[in-house]
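Report on the structure given below.
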Amino acid sequence: MTATPEPAPPCPSPPAATAPPPADPPLWRDRRFVLLASARTLSVLGNGFARVALSFAVLALPGAGPGQLSLVLACQAVPQLVFILAGGVIADRMSRSRLMIASDLVGAAAYAGLAAMVLTGHAPLMALCALAALAGTATALFSPAMDGVIPLLVPAKRLQQANGLLRVGMNSSMLLGLALSGVTVAVVGAGWALALNAASFVVSALLIRGLRLPARARTGSSGWADLRDGWREFAGRQWLWVVVAQYSVVVAALNANAGVLGPLMAENELGGARSWSLIVAAQALGTITGAGLAARIRVRRPVLIAVLSTFPLALPIALLAVRAPVPWIALAMFGSGIAADIFGVLWATTIQREVPEAALSRVSSYDWFGSLAFAPLGLLIAGPVAARIGVGQALAGCAALIVLASAAALLSPQVRGVRAPAPAPAPEAEAEAAPPPEAAGEESGARAAERPR
């Protein structure tokens, strides 16, 4: 009898291809991120107008001079430092978007009042100071809330891109605002330029209203207890307070250069305001380029790279000190603008990743407070120091302070050691790494046979 051949076992069908997960849509298609970016771009554009308009409005008053202008600007700057910590506590206790809306409306009221006084010609100095202080307070309440909102809208893996894109828009609008402000003041007057800024705050508040972030859970702790908790979060991270201490020195030196020493050197040695305008414009273009670059780069040690990026900030100041040609200084300022925004994006992203969301605005307020602590001092002593030792030597001292403070920050092990999370593997790589279903079944069967019964 002939044996019937056994049928061949069926060929295993190939595993069904698994579709890769859909790619994340670009941030510009995220409605809430677009609302936030639009609000910030518009309000920064208005602030560019106001920075010039307020100065000309004060100087146009009968009998006003540099002393009165300094007083008004100081009344605007001091509350930004005094109330920034309170802004962080409030932002961590309520809906951050609501606090941003309230801050925008307060800023709108302050600039509307300034515009009304300038347009009517009735502008007592004390009233100008009071409204300038109100505008500064609004900024102090807004900034920590803004820093805490971004992680609520954007996934952690896209924070760096989001911070970079926000800075591109803000830097571009600041450059445009400063460029158009002189023309606007000349054509329609300082009062209407201030009114435009007030309107930009109102539109910003309407845009932020679309975020509709929920109110935060109520806590039984007091504001002072929250402030202490925020300090513990801040002081418990060596890399955080070390870089803030470094940047307090860097900002003081940069303010002394930008506000006093740079214009003095340009006026005395480099051809006056036209040369200084070219230098400042080069830096502004650099910040736009730097923000766009920072949105794309990927680094494993973001705090280390951020600190290293502060060294180029000393170069244009050193070139000013030795009276280098204006094109060289402008090129160095362009590079410093790139470096400054690489620092800003990497720094903001690291804080948002490493600090618990519940304490983020308070930690951000300590960051702001520490970084700006010596800024008024830099402006205050720059003139007397330059008069005593010379403008060139004072500029060289500022460049040396930046280099020394940045080098000191590198001594911290945490500054050198903080690492960004590893990027997620691509879907193709995951598929290649996973064993095929048959192999997985054989492996699990072998392990089951080895298991004692």
Side-chain angles (χ1 to χ4, degrees), residues 25-51 79-80 83-84 86-113 134-155 158-159 161-174 176-177 194-217 291 344-345 348-349 351-352 357-358 360-365 367-368:
L27 285 175
W28 56 263
R29 294 182 60 182
D30 185 317
R31 186 186 70 87
R32 296 200 299 175
F33 179 78
V34 170
L35 288 174
L36 179 65
S38 300
R40 292 305 294 137
T41 299
L42 189 61
S43 59
V44 169
L45 177 65
N47 279 334
F49 278 83
R51 183 176 296 185
Q80 296 181 26
F83 295 115
I84 194 74
V89 171
I90 297 170
D92 280 339
R93 293 174 69 91
M94 64 178 292
S95 168
R96 289 172 181 150
S97 60
R98 291 181 183 177
L99 179 58
M100 292 165 68
I101 293 170
S103 302
D104 270 342
L105 294 178
V106 170
Y111 280 105
L134 187 63
T137 303
T139 300
L141 297 177
F142 185 97
S143 298
M146 169 69 187
D147 290 341
V149 157
I150 300 172
L152 299 178
L153 302 179
V154 179
R158 309 191 74 183
L159 283 173
Q161 181 188 9
N163 286 312
L165 292 177
L166 283 171
R167 282 178 174 265
V168 168
M170 292 162 58
N171 293 340
S172 301
S173 60
M174 177 58 75
L176 181 62
L194 290 169
L196 286 174
N197 188 37
S200 75
F201 277 100
V202 173
V203 178
S204 173
L206 292 175
L207 291 170
I208 293 173
R209 186 172 180 269
L211 300 181
R212 301 188 183 280
L213 296 177
R216 308 186 69 78
V345 171
T349 303
I351 292 178
Q352 291 160 0
E357 186 273 329
L360 185 54
S361 289
R362 279 169 288 168
V363 171
S364 173
S365 70
D367 176 23
W368 280 97

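Here the structure is a predicted model, which is why all the values come from computation and not from measurement.
Of the possible polar contacts, one joining the Ser143 side chain to the Thr139 backbone as a donor-acceptor pair under 3.5 Å is found. A donor-acceptor distance shorter than 3.5 angstrom exists from the side chain of Arg96 to the backbone of Gly148, with no hydrogens or angles considered. Side chain of Asp147 to main chain of Ser364: no donor-acceptor pair is present (N/O by atom type, distance under 3.5 Å, no hydrogens or angles).
Residues Leu36 and Ile150 have side chains in contact (heavy-atom distance under 4.5 Å, counting atoms from C-beta outward). At a threshold of 4.5 Å between non-hydrogen side-chain atoms, the residues Gln352 and Asn163 count as touching. Looking at heavy atoms from C-beta onward, Pro144 lies in side-chain contact with Ile84 at the 4.5 angstrom threshold.
Across all non-hydrogen atoms, the minimal contact from Asn171 to Ala291 is ND2-CB, 4.1 Å. Across all non-hydrogen atoms, the minimal contact from Leu360 to Pro151 is CD2-CG, 3.5 Å. The shortest heavy-atom contact between Val106 and Ala138 is CG1-CB, 4.0 Å. In terms of heavy atoms, Leu99 sits closest to Leu141 at CD2-O, 3.7 Å. Nearest heavy-atom pair, Ser173 versus Met170, reported as atom, atom and distance to 0.1 Å: OG-O, 2.9 Å. Closest non-hydrogen pair, Asp104 versus Ala205, comes out as OD2-N, 3.5 Å.
Separation of atoms CE (Met146) and OG (Ser103) is listed at 12.5 Å; rounding is to 0.5 Å. Here Ile208 contributes atom CD1 and Leu35 contributes atom CG; the two are 9.5 Å apart, rounded to the nearest 0.5 Å. Interatomic distance, CG of Asp92 versus OG of Ser361, reported as 4.5 Å (0.5 Å rounding). Atom-to-atom distance recorded for Leu196:CG and Phe201:CZ is 12.5 Å, nearest 0.5 angstrom. To the nearest 0.5 angstrom, Gln161 atom CD is 7.5 Å from Phe33 atom CZ. From Leu206, atom CG reaches atom OG of Ser38 across 12.5 Å, with rounding to the nearest 0.5 Å.
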